[in-house]
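Shown next, in structure tokens, is the structure this report addresses.
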There are 2 protein chains.
Amino acid sequence: MAGAGCEGTSTVTVRTLDHPARADIRLEAVLHALSDPVRLQVVRFLAGLAEGEEAPCSAIDLAVTKSTTTHHFRVLREAGLIHQVYRGTAKMTAIRRADLDALFPGLLDAVLTADAARRSRVPVG
Amino acid sequence: MAGAGCEGTSTVTVRTLDHPARADIRLEAVLHALSDPVRLQVVRFLAGLAEGEEAPCSAIDLAVTKSTTTHHFRVLREAGLIHQVYRGTAKMTAIRRADLDALFPGLLDAVLTADAARRSRVPVG
DNA sequence: GTCAAACTACGATACACATCGAACTACGGC
DNA sequence: GCCGTAGTTCGATGTGTATCGTAGTTTGAC
């Protein structure tokens with residue numbers, strides 16, 4: 001059966017992922033997504049990449065299982081923080097910086113700056 | 001029994017409230033506190049007051065019961081977003097802007113700006 | 001086709017949270 | 001002392017969430 005059992009897939013087997021449009025990104029959802037340490041780690045990693053650069057889920061060393069990782073990536077995607085696309089066996093992820101900066105100017109930078117400052121105070125987190 | 005049954009009260013009946021020190025304010029807790037619409041409304045109201053100005057809980061018209069209001073104010077206080085002090089029968093609340101701006105420069109303003117922008121797009125929220 | 005790698009789905013679990021109503025406490029005024 | 005106002009506490013409830021393990025799907029390589 002084509003495309004069965006795949007979250008966000010249309011009838012044909014193309015493996016597409018649903019993303020909220022820029023206008024549908026909600027501030028509360030973004031703040032909630034950022035309030036989890038695992039997800040903040042993901043965002044921190046992606047924000048450290050070059051503009052538009054992608055990374056597979058496996059590139060980030062998270063202290064949780066793969067199924068939990070899938071969960072967190074979905075929360076980030078549905079909140080509008082990241083964009084994901086299948087490329088071969090990997091699922092490439094990039095941060096939606098342009099959308100975020102347009103909707104919430106300075107928010108992402110403020111969070112990343114605050115997070116970096118805290119991490120420099122408390123060496124290992 | 002002196003001071004029994006009062007959250008954060010010391011042995012003598014003085015009704016003191018515990019607040020985290022500036023250094024103990026955690027970014028995740030702040031983001032989580034801001035990710036609830038009721039609490040965001042409280043912060044928006046307090047941020048609109050003059051510098052250092054206080055307001056009683058009852059000054060904000062929230063669409064929840066008093067016990068739920070108590071809950072949200074406690075979340076905000078324990079996250080380090082607000083400072084509360086008893087004054088007569090009222091509990092006066094002020095935003096901890098200096099602490100927040102020192103720890104997370106630009107974060108509160110970015111959230112408030114984004115919230116204001118969204119509220120101007122969607123008139124009633 | 002077979003196999004391994006990458007990721008997903010599902011069910012379970014344990015915990016956190018937003019909400020309420022009802023009963024209670026603290027304070028100021030009469 | 002009595003009462004009203006402001007806020008708290010407690011228990012309950014329904015919902016959300018972070019986590020896991022196991023089993024499954026998809027894809028590229030062989």
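No hydrogens, no waters, no symmetry mates; every other heavy atom, side chains included, goes into these values. Not measured: the values here are computed from a predicted model.
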Between [N] ([atom2]) and [X] ([atom1]): distance, integer Å:
{"X": "Phe73(A)", "N": "dA6(C)", "atom1": "CZ", "atom2": "P", "answer": "14 Å"}
{"X": "Arg87(A)", "N": "dA5(C)", "atom1": "CZ", "atom2": "C1'", "answer": "18 Å"}
{"X": "Met92(A)", "N": "dG28(D)", "atom1": "CE", "atom2": "P", "answer": "13 Å"}
{"X": "Glu78(A)", "N": "dA18(D)", "atom1": "CD", "atom2": "P", "answer": "12 Å"}
{"X": "Tyr86(A)", "N": "dC7(C)", "atom1": "OH", "atom2": "C1'", "answer": "7 Å"}
{"X": "Ile82(B)", "N": "dG7(D)", "atom1": "CD1", "atom2": "P", "answer": "12 Å"}
{"X": "Lys66(B)", "N": "dC24(C)", "atom1": "NZ", "atom2": "C1'", "answer": "11 Å"}
{"X": "Arg74(B)", "N": "dG7(D)", "atom1": "CZ", "atom2": "C1'", "answer": "12 Å"}

Query - Protein proximity profile, nucleotides 12-19 of chain C - base contact B, sugar-phosphate-only contact S, no contact -, cut-off 4.0 Å on heavy atoms - result: -----SSB
Does the side chain of [Y] come within less than 4.5 Å of [X]'s, by heavy atoms?
{"X": "Met92(A)", "Y": "His83(A)", "result": "no"}
{"X": "Arg119(A)", "Y": "Arg44(A)", "result": "yes"}
{"X": "His72(A)", "Y": "Gln41(A)", "result": "no"}
{"X": "Ile60(B)", "Y": "Phe73(B)", "result": "yes"}

Report summary line: Picking from dG28(D), dC7(C), dG7(D), the nucleotide nearest the side-chain atoms of Thr70(B) would be dG7(D)
Query raised in the report: With sequence neighbours left out, what residues match Arg121(A) under salt bridge (charged side-chain N to carboxylate O under 4.0 Å, His left out)?
Result: none
Requested in this report: Look at Arg96(B) together with Asp101(B) and state whether they make a salt bridge at an N to O cut-off of under 4.0 Å.
Outcome: no
Query raised in the report: Just checking, any donor-acceptor pair under 3.5 angstrom between side chains of Thr70(B) and Ser67(B)?
Result: no
Requested in this report: Report yes if at least one side-chain N or O of Ser58(B) is closer than 4.0 Å to OP1 or OP2 of dT5(D); otherwise report no.
Outcome: no
Query raised in the report: Thr69(A) side chain N/O closer than 4.0 Å to the phosphate oxygens (OP1, OP2) of dC7(C)?
Result: no
